[in-house]
Amino acid sequence: MARILITSAIPYINGIKHLGNLVGSQLPADLYARYNRARGNEVMFICATDEHGTPAELAAAKAGKPVEEYCREMHATQSELAEGFRLSFDHYGRSSSERNHKLTQHFAGKLADAGLIEEVLETQVYSNADGRFLPDRYIEGTCPNCGSEDARGDQCEVCTKQLDPTDLINPRSAISGSTDLEVRETKHLYLRQSTMRDKLDQWIDSKTDWPVLTTSIAKKWLHDGDGLRDRGITRDLDWGIPVKRGTEDWPGMEGKVFYVWFDAPIEYIAGTAEWADANGKTDADWERWWRTDKGADDVKYVQFMGKDNVPFHTLSFPATIMGSGEPWKLVDYIKSFNYLNYDGGQFSTSKGRGVFMDQALDILPSDYWRWWLLSHVPESSDSEFTWENFQSSVNKDLADVLGNFVSRVTKFCRSKFGEVVPEGPAYGAAEQAVIEALQARLTTYQTHMEAMEIRKAANELRAIWTLGNEYLQEAAPWSKFKEDPEAAATSVRFALNLIPFYAILSEPFIPDASKTMLDAMNTAPGWPDSVVDALNALPAGHAFTVPEVMFAKITDDARDEMQTRFAGKS
RNA sequence: GGGCCUGUAGCUCAGUUGGUUAGAGCAGAGCGCUCAUAACGCUUUGGUCGUAGGUUCGAGUCCUACCGGGCCUACCA
């Protein structure tokens, strides 16, 4: 039995996430977690909300709430939505937790002890009206290059020229519009990750099986220009983890907090500690996942994330781990994803364009979304959500191929034999042929799931469902029944046995439907290590019930209505 | 500007280290079945693999240029 540690990139706190966010990390991570649990592996699956940073403060201010209260409420909301999508986290933590405070400060202390922290005096733009330092992109003004009036402090979107905030003509705060800005000196801590470049480079080179998307981004950062640059890990903000060196104050850093990208990945570890706290476990119980000196040697650690998160997970976080000099677990595999677009463009929170997690669950059950999203997950390039495609997948794959299979088998049995598994002679050549086909496809399915080739796994699963319909067509128990009811009974018994088999294989993709199938068949088997045994599991005389329609189809009218509703406003 | 990814049938995508007639699902056409959510099964029509060159006995697969789409570019997270 293997031990698998799984983390999903932690979603930012400032609002409800859209389907693109969901499919880019949490959903595939959940698929992998469910699969590994089903195979009998010991799984620790951690996610959390990422709560610090300027946008969180601004979102709270906009909502008219103290930032702490805002984050607590949004965490509750996101937790609820995660449950709605059946994301099976062992713990859904918060980066603002006490555990993360302690651990982040601990890492900073260790890095400082190792000589990897440098204090840097820099100048930044301060807004008197807003009472805060402004990140570069929160400063707007006229572009000195093209004259556009909405250039940002980091780059002009019109002419794409890279800018420095002080380049802007008539600079103003993007938050308040105030022009009462001044340049102030402020001291910050930098992580000297440039000194670890060669070590990180070798480490990345050793990961030959990682997706190209992952390694190419890491390589770019390692070798672009002068190579990996040092990175500021503190900010002048109120909301965040106070800068401390371990448990000691850090002279000169009073009133400053750690930068969200320093503390966010540490929350993976802290979140596991939160799990222990929440479940009456000891420190040893979470440390055996993270400390190679305390039992984590045999752990396989897999991270899931969108491509925008790759630099932090391939470079900054490993630099933190390695630089600490302590035996923390490093990631073994990074599965990264491209973006999901929406109907010919991008999802847009501000324009209300696209489907957000809460809306999705209002419209249709989570299994519908899970199936479409996972079977179209943007693995090799950006992919696109269209309502036609969604409707076709749901109606064809779920309703027609799987749902209708369950329906036709159970209803036929009920009308001819009652709601019990009929007997009939032993399986013959026809059944044997199906068993062999299933065994081959099951092996392929497992290979894809283990390799996290999600689209291919979904295709294989669909092909496994199709085998049931092919069998029925060939066996035609409705014809046999007229001359040889016993032979028909065997066919029906075999087909009924396929239902729990399908339920188990499908569970990582569509957990609710899986449960419906198992409940209807009144059974709860484990993973089918042997297809023959699995298809003999339900004996003659076993009672079952005919389930309700498992997947209602999406009509053209409903589809058109949703397409209009979520088109957004320009 | 630089880097990376991507362009294969109407649509969504597979195509392992270059090797005989380029595959799947959906959509379309035909046939069959009638147990089932007018569902299912079988057969079948669609592609000079973005364009132009090059390497090779042989290229969707490697190289170059160009065209199109996307992402990243370190103070949004």
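Here is how names work: the chains are called A, B, and so on, in the same order as the sequence lines, proteins then strands, and each is numbered from 1. Only heavy atoms go into these numbers, but all of them, side chains included; no hydrogens, no water, no symmetry mates. Values in this document were obtained by computation on a predicted structure and should not be read as measured data.
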Asks: With no hydrogens and no angle check, just 3.5 Å: does a side-chain donor-acceptor pair link Asp397(A) and Trp372(A)?
Replies: no

Asks: Going by 5.5 Å between centroids and 30° between planes, is there a stack of Trp478(A) over C35(B)?
Replies: yes

Asks: For nucleotides 7-11 of chain B, print each protein N/O atom paired with a nucleotide N/O atom at under 3.5 Å, atom names and distance only.
Replies:
none

Asks: Quiz question: by atom type and distance under 3.5 Å, do the side chains of His188(A) and Thr234(A) form a donor-acceptor pair?
Replies: yes

Asks: Does Lys220(A) place a side-chain N or O at less than 4.0 Å from the phosphate oxygens OP1/OP2 of A74(B)?
Replies: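 The answer is no; no side-chain N or O of Lys220(A) sits under 4.0 Å from OP1 or OP2.
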
Asks: Is there a donor N/O on one and an acceptor N/O on the other, under 3.5 Å, for the side chain of Asn404(A) and the base of A36(B)?
Replies: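 Such a pair is found, so the answer is yes.
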
Asks: Tell me whether the side-chain N or O atoms of Glu384(A) pair up with the base of C13(B) as donor and acceptor below 3.5 Å, since no angle test is needed here.
Replies: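 Answer is no: no donor-acceptor pair is held.
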
Asks: Contact class for Val260(A) (heavy atom, under 4.0 Å): base, sugar-phosphate, or nothing?
Replies: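 Val260(A): backbone/sugar contact only, no base atoms under 4.0 Å.
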
Asks: Any donor-acceptor pair under 3.5 Å joining the side chain of Arg408(A) to the base of A39(B)?
Replies: no

Asks: If a pair means Watson-Crick or G-U wobble with both distances below 3.5 Å, what does RNA chain B look like in dot-bracket form, with | marking bases paired to a different strand?
Replies: (((((((..((((.....[...)))).(((((.......))))).....(((((..]....))))))))))))....

Asks: Taking only side-chain nitrogens and oxygens of Arg455(A), does any of them come within less than 4.0 Å of OP1 or OP2 of C13(B)?
Replies: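 For Arg455(A), the contact criterion (side-chain N or O under 4.0 Å from OP1 or OP2 of C13(B)) is met.
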
Asks: For the residue pair Ser381(A) / Asn338(A), report whether a side-chain donor-acceptor contact shorter than 3.5 Å exists.
Replies: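 Absent: no donor and acceptor within the cut-off.
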
Asks: Which nucleotide, A39(B), A77(B), C75(B), lies nearest any side-chain atom of Pro135(A)?
Replies: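 Of the options given, the side chain of Pro135(A) lies nearest C75(B).
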
Asks: What is the distance, rounded to the nearest whole Å, between atom CD of Glu57(A) and atom P of A77(B)?
Replies: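 Distance, rounded to whole Å: 10 Å.
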
Asks: Along nucleotides 22-28 of chain B, 5' to 3', which nucleotides get a B, which get an S, and which get a -, given that the test is a protein heavy-atom distance under 4.0 Å?
Replies: ---SS--

Asks: Can you tell whether the side chains of Arg132(A) and Asp238(A) come within less than 4.0 Å, N to carboxylate O?
Replies: no

Asks: Consider the side chain of Tyr339(A), meaning its heavy atoms from C-beta on, and name the nucleotide among A39(B), C13(B), C72(B) that approaches it most closely.
Replies: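 Among A39(B), C13(B), C72(B), the one nearest the side chain of Tyr339(A) is C72(B).
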
